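Have a look at the structure below before the remarks.
Remember, predicted model here, so these are calculated numbers, not experimental data. All values below come from the heavy atoms of this structure, side chains included, with hydrogens, waters and symmetry mates left out. When a ligand or atom number is given, it counts from 1 through the structure's own listing order.
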Amino acid sequence: MRIRQYEHLYQLTWMPKLFPVNCYLVEEEDGLTLIDAGMGFCAKGILRTAAELGRPITRIVLTHGHGDHVGALDSLVRLLPEAKVYISERDARLLAGDRSLLPGEVQMPVKGAVPKNVRTRADVLLREGDRIGALTALNSPGHTPGSMSFQDTRTGALIAGDAYQTFRRTAVSGTIVPGFPFPAMATWHKESALDSALKLLKTKPTLLAVGHGDMIAEPARAMESAIAQAARLLGKELA
Ligand SMILES: [Zn+2]
């Protein structure tokens, strides 16, 4: 496992060269917030890193309900009974193994691995604008119907889950990247993902931190060119 730091944010990465999977620890006044719970084998490294930082994990926040983001959730919750679990109201259904669509949603099948055996249920169902410590929750649907991103109000760093990927190249969720097409293949609705990518760019992030790939400082240009590419592939004119 590899660790990189940007101010209050620690990026934990497994298999960085082949199939990178990231989780994040965010320093808060009362402890650490874990963003995403990786795969089953990630629990140990997450707990060891928190121990090295000398702070308790008080919150577990999930960007979306895919298996490579919730894999270690049950083990972590068992070992961290005090930690509160947060996910968007919409993706709480995915966390419960339910891929069905809601009326009013684009009727495209939810893609990607949605495990059916996760026992943990969220303590807090998130909505747009909610605060979790220093983080603001932002709806960023597309990869899944209830995907959320989180911006650190202290630094402007944006933790965007799979709304973007940065491995191999920076791309909007849904754009196939040669050598690492998996996030695109697991994307529910590309048009929504493009709208979300634009919305996230407008938050003027100082850092882009995603589920798969390295953190990018001053990411505006990389995000803009990823958006332009996604728009071109979808045949959309950008305003
Ligand atoms: Zn995903």
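Under 2.8 Å from the Zn ion (ligand 1) lies no N/O/S atom of D68, from backbone or side chain alike. Not a single N, O or S atom of H69, from either the backbone or the side chain, sits less than 2.8 Å from the Zn ion (ligand 1).
The angle subtended at the Zn ion (ligand 1) by NE2 of H64 and OD2 of D162 is 90°, given to the nearest 10°. Rounding to 10 degrees, one finds that the Zn ion (ligand 1) sits at the corner of an angle of 90° between H66 ND1 and H143 NE2.
L207 and L12 fall into different hydrophobic clusters, defined by Ile, Leu, Val, Met, Phe, Trp and Tyr side-chain heavy atoms under 4.5 Å apart, directly or through other members.
The shortest distance between side-chain heavy atoms of T49 and M1 falls below 4.5 Å.
Note on ring orientation: taking the six-membered ring where Trp is involved, the planes of F180 and F19 are perpendicular (angle over 60°, cut-offs 30° and 60°). Using bins of under 30°, 30° to 60° and over 60° for the plane-to-plane angle, the ring pair H64/H69 lands in the tilted bin.
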